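These numbers come from a predicted model, not from an experiment. Computed from heavy atoms alone, side chains included, the values below leave out hydrogens, waters and symmetry copies. Chain letters run A, B, ... following the sequence lines, proteins first and then strands; every chain starts at 1.
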Protein chains: 2
Amino acid sequence: MDQKIDTRSRILNIAEAAVLEKGFEATSIEEIVAGAEISRGGFFYHFKDKNALARAMLERYIDAENALYDDLFARARELNDDPLHCMLIGLKLLAEMLEEMPSGHPGCVIASTAYQDRLFDEGVRDLNRQAILGWRKRFRGMFEEIAQVYEPREAVNMDALGDMVSGVVEGGLVLQRALREHNNASEQIMLFRTYLKLLFADK
Amino acid sequence: MDQKIDTRSRILNIAEAAVLEKGFEATSIEEIVAGAEISRGGFFYHFKDKNALARAMLERYIDAENALYDDLFARARELNDDPLHCMLIGLKLLAEMLEEMPSGHPGCVIASTAYQDRLFDEGVRDLNRQAILGWRKRFRGMFEEIAQVYEPREAVNMDALGDMVSGVVEGGLVLQRALREHNNASEQIMLFRTYLKLLFADK
DNA sequence: GTCCTGGCTGTACTGCGAGTCCAGTTGACC
DNA sequence: GGTCAACTGGACTCGCAGTACAGCCAGGAC
């Protein structure tokens, strides 16, 4: 077979799909090895235990999400050089992307692990923390750039505003999962977009 | 002993504390019965299985949260009759309440169950759904009242705006849990408050 | 050509927690 | 004195995580 993806990646692919669908604890190693067509011994050869699997999944997921944001806002920047409009376009693209996912966004691994964190060791929890702090820094930077051009109509804490991007997405995904609707996250992002339009006044 | 709280409630109290601290799956029936000082048989006498426990916990939690919102916005209404200011005061009270919780808010059961939903049966998932739809209705009503007095500066979907209250709280709690900080949720609520101030213009 | 190593397979085992079954106890109230 | 609700306690099954280890096989080093 030419689909000779290395076994480790195959395990991660199967595991990620299963975990996003039904949660980490509800995903058994049994079904992962069945899906990846390997033996249980093979699984434990690659991952010491489920914690090691969780860490590897989080690392991959965070890298992918960061790459996605890089790409999204790079495309936005090409369309408009103004920092506010770049942000607004980027959020629109993000909302569209979330909406286009056929069965809705699978849900964020970050929130999922945050709510089951006692299952994980310190390494996993720290990865989670670092990812959110990374997004805070990213968006805080973008908002500061905007604030240099547009005077905010109300004083806001820039760290908190940076966090709000993550928070709105995470919160939207929670609603989406619980309601079994499909566009809550994108609607929440669009509302946040109008917030930014109102907050950063035209000169 | 006069602390003769009936056993069922004692089980629910112990279980809720444990579940909020470390998640549903990570909480064993063993430790619940140990905490409640009953036998395993006694537990299963009250709850057919862990699902029944989850359903009972959710019902209690949702009732408590609804009562809290009722109280909060009733107090706000006493302080100011104007619907916008009532909303702003209520949100301030909510933010303060979240901040005052010594070890931070334990985290919302709704989000927690949303991310482990395959562990639960349809009844539990539906409770979850109904709770969020209830909050949507509650806040949507309040926003419509506001909109009759204050013209929104930008057109917004009122259902989505209603959801945003829940979403911002849930999202904030996710951040708080993952970051191990203690005031993210209240900061997010305060940011949402400034959104409302900007959105609903003075006449 | 052989040897070694990495990447597995397969089996057998321990231990934990959920859930079932059921027989027996205890106290309240009618 | 009988009945019922609210348990206790123990024995059991089942599924899943994790451990241990013996063996297999392909491919590169020498």
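The CD1 atom of Ile38(B) sits 18 Å away from the P atom of dT26(C) (whole-angstrom rounding). At whole-Å resolution of the value, NZ in Lys48(B) and C1' in dA18(C) are 12 Å apart. Summarising the geometry, the separation between CZ on Arg8(B) and P on dA5(D) is reported as 16 Å, rounded to the nearest angstrom. Phe44(B) places its CZ atom 12 Å from the P atom of dC21(C), with the value rounded to the nearest Å. If you measure from atom CZ of Phe43(A) to atom P of dC8(C), you get 13 Å, rounded to the nearest angstrom. The nearest whole Å value for the distance from the CD1 atom in Ile32(A) to the P atom in dG18(D) is 11 Å. The interatomic distance linking Phe120(A) (CZ) with dA17(D) (C1') rounds to 14 Å, in whole Å. One can place NZ of Lys50(A) at 14 Å from P of dT19(D), the figure rounded to the nearest angstrom.
When each of dG18(D), dG17(C), dG19(C) is scored by its nearest atom to the side-chain atoms of Asp49(B), the top-ranked nucleotide is dG19(C). Residue Ile29(B) places its side chain closer to dA18(C) than to any other of dA18(C), dT8(D), dG18(D). Picking from dG9(D), dT20(C), dT19(D) the nucleotide with the shortest atom distance to the side chain of Ser39(B) gives dG9(D).
Checked against side-chain contact (heavy atoms from CB on, under 4.5 Å), Asp71(B) has the following partners two or more places apart in sequence or in another chain: Arg75(B). Evaluation of the salt bridge (Lys or Arg N to Asp or Glu O under 4.0 Å) rule for Glu78(B) yields no partner, not counting sequence neighbours.
Residue Thr7(A) places at least one side-chain N or O closer than 4.0 Å to OP1 or OP2 of dC8(C). Side-chain N/O atoms of Tyr45(B) include one lying less than 4.0 angstrom from OP1 or OP2 on dA6(D). Side-chain nitrogen and oxygen atoms of His46(B) include none within less than 4.0 Å of the OP1 or OP2 phosphate oxygen of dA6(D).
The closest side-chain donor-acceptor pair between Arg60(A) and Asn13(A) falls under 3.5 angstrom. Checking Glu181(B) against Asn184(B) by side-chain atom types alone, a donor-acceptor pair falls below 3.5 Å.
For Glu37(B) and Arg40(B), each mapped to the nucleotide of DNA chain D holding its nearest heavy atom, the one lying further toward the 5' end belongs to Glu37(B).
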Derivation of the salt bridge (charged side-chain N to carboxylate O under 4.0 Å, His left out) call for Glu96(A) and Lys92(A)
CA-CA 6 Å; Glu96(A) 274 168 11; Lys92(A) 186 92 207 300; 3.2 Å; yes
